[in-house]
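Down below is the structure, laid out as structure tokens.
Naming convention: chains lettered A, B, ... in sequence-line order (proteins, then strands); numbering from 1 in each chain. Values reported hereafter were calculated over all heavy atoms of this structure, with side chains retained and with hydrogens, waters and symmetry mates removed.
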Amino acid sequence: MLKIATWNVNSIKQREAACAAWLKQAAPDVLCLQELKCQTEGFPRGTFEDLGYNCAVLGQKSFNGVAILSKHPIDETITALPGDASDEQARYIEAAISLPGGGAIRAASIYAPNGNPAPSEKFDYKLAWLARLKAHAQTLLAYEEALALAGDYNIIPRAADVYNPAAWAEDALFRLESRAAFRRILHLGLTDAVMACDSRAGQYTFWDYQAGAWQKDQGLRIDHILLSPQALARLASAGIDRKPRSWDKPSDHTPVLVSLDL
DNA sequence: ATGGTAGCTGGGCTA
């Protein structure tokens with residue numbers, strides 16, 4: 001069984017120990033990380049290599065930053081989302097991974113822009129970035145491989161994925177433009193793995209640090225794993241591990257996980 | 001009620 005996970009850690013330096021602890025207990029084959037908030041050279045590579053993971057890292061000073069950890073060999077890495085050579089934000093990394101027995105899977109770690117306030121230049125950047133992601137996803141789907149696009153999409157797909165939809169109607173995470181952009185990506189032929197297994201409301205992946213959001217379970221489902229048809233055909237289970245959000249000094253996000261029969 | 005928290009950085013931005 002191949003386990004692929006995604007986790008926005010909100011600073012890998014603050015979350016290095018938690019990340020190592022979670023890797024030991026959940027033992028994913030692949031972990032996509034977002035919001036490293038460190039430069040590539042500052043990534044605590046040794047900690048993860050000691051646990052048996054290869055690391056592909058795209059860092060940036062202060063903000064953003066994405067990585068892919070893999071127990072299996074990483075053959076090829078792409079460190080930019082095509083479509084805008086002037087975009088310097090570290091929000092996308094993709095790896096082709098060889099599996100034991102001769103198979104392979106392609107995985108991307110995605111950190112989509114937040115986009116608030118909306119409307120604004122930030123919101124325009126979010127929508128443009130999502131359009132680039134759609135174009136690239138179309139390219140990848142043409143390979144007809146097992147593919148997982150995993151990460152923090154900063155999009156609440158449905159009203160059932162937010163504790164108070166009315167309060168979030170004008171937020172960049174829930175605006176119709178954002179949800180439409182997400183839906184256009186799905187319509188290429190990708191499947192939201194958690195929804196494919198269980199479409200109930202309240203499967204949150206993020207709880208704000210403020211106002212006791214975690215204690216009141218006032219969360220959002222904004223972290224997603226999208227699968228190609230070849231990966232979906234092998235989907236065994238998908239879910240959210242809430243435990244790390246309850247730990248001391250947590251990230252505001254918690255991991256999302258899929259198991260594939262590969 | 002224009003707060004409240006966290007991280008990076010060294011004042012303000014991002015989320």
Nearest-Å distance, [atom1] ([X]) to [atom2] ([N])?
{"X": "Q14(A)", "N": "dT5(B)", "atom1": "CD", "atom2": "P", "result": "17 Å"}
{"X": "W207(A)", "N": "dA6(B)", "atom1": "CH2", "atom2": "C1'", "result": "17 Å"}
{"X": "D171(A)", "N": "dA15(B)", "atom1": "CG", "atom2": "C1'", "result": "11 Å"}
{"X": "I12(A)", "N": "dG7(B)", "atom1": "CD1", "atom2": "P", "result": "13 Å"}
{"X": "E16(A)", "N": "dG7(B)", "atom1": "CD", "atom2": "P", "result": "15 Å"}
{"X": "W168(A)", "N": "dA15(B)", "atom1": "CH2", "atom2": "C1'", "result": "10 Å"}
{"X": "E35(A)", "N": "dA15(B)", "atom1": "CD", "atom2": "C1'", "result": "7 Å"}
{"X": "Y209(A)", "N": "dA15(B)", "atom1": "OH", "atom2": "C1'", "result": "10 Å"}

5' precedence on DNA chain B between N116(A) and D208(A) (nearest-nucleotide basis):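 Looking at the nearest nucleotide for each, D208(A) comes out on the 5' side.
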
Find which nucleotide of DNA chain B each of K61(A) and Q89(A) is nearest to by heavy atoms, and output the residue with the more 5' nucleotide.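 Looking at the nearest nucleotide for each, K61(A) comes out on the 5' side.
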
Step-by-step side chain to side chain contact (heavy atoms under 4.5 Å, CB included) determination, Q25(A) to K243(A): CA-CA 11 Å; Q25(A) 67 176 86; K243(A) 287 193 301 296; 3.6 Å; yes

Is the side chain of H136(A) donor-acceptor paired with the backbone N or O of G83(A) at a distance under 3.5 Å, no angle test?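 Side chain of H136(A) to backbone of G83(A): no pair is present.
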
N/O contacts under 3.5 Å, protein versus nucleotides 1-4 of chain B?
from   : atom 1 : to      : atom 2 : distance (Å)
dG4(B) : N9     : Q210(A) : OE1    : 3.0
dG4(B) : N7     : Q210(A) : OE1    : 3.3
dG4(B) : N3     : Q210(A) : OE1    : 3.4

Heavy atoms, side chains only, cut-off 4.5 Å: are W7(A) and D241(A) in contact?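 SC-SC contact between W7(A) and D241(A) ruled out.
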
Determine: side-chain N/O of S62(A) to OP1/OP2 of dG7(B), distance under 4.0 Å, yes or no.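 Answer no for this pair, as no side-chain N or O of S62(A) is under 4.0 Å from OP1 or OP2.
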
Taking only the C1' atom of each, what is the distance from dA15(B) to dG4(B) in whole angstrom?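 It works out to 14 Å between them.
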
Between dA1(B) and dG10(B), how far apart are the P atoms? Round to whole Å, please.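 It works out to 36 Å between them.
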
Output all residues satisfying side-chain hydrogen bond (donor to acceptor under 3.5 Å, both in side chains) with Y143(A), sequence neighbours left out; order by chain, then residue number.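 Partners of Y143(A) by the side-chain hydrogen bond (donor to acceptor under 3.5 Å, both in side chains) criterion come out as none, since no residue qualifies.
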
Take atom CZ in R158(A); do more than 12 heavy atoms of anything else shown fall under 6.0 Å from it?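 For R158(A), atom CZ is crowded (more than 12 foreign heavy atoms under 6.0 Å).
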
Could you tell me whether Q215(A) atom CD has more than 12 heavy atoms of other residues or ligands within 6.0 Å of it?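 It does: Q215(A) CD has more than 12 such atoms within range.
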
Using a cutoff of under 3.5 Å, can you pull out all pairs of nitrogen or oxygen atoms linking the protein to nucleotides 12-14 of chain B, with atom names and distances?
from    : atom 1 : to      : atom 2 : distance (Å)
dT14(B) : OP2    : K122(A) : NZ     : 2.9

Test D192(A) against R221(A) for salt bridge (Lys or Arg N to Asp or Glu O under 4.0 Å), laying out the working first. CA-CA 12 Å; D192(A) 179 335; R221(A) 191 174 72 89; 3.1 Å; yes

If the plane angle is over 60° it's perpendicular, under 30° parallel, otherwise tilted; pick one for H224(A) and F182(A).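 H224(A) vs F182(A) ring planes: tilted.
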
Working for side chain to side chain contact (heavy atoms under 4.5 Å, CB included), residues Y92(A) and I110(A): CA-CA 5 Å; Y92(A) 186 89; I110(A) 287 166; 3.9 Å; yes

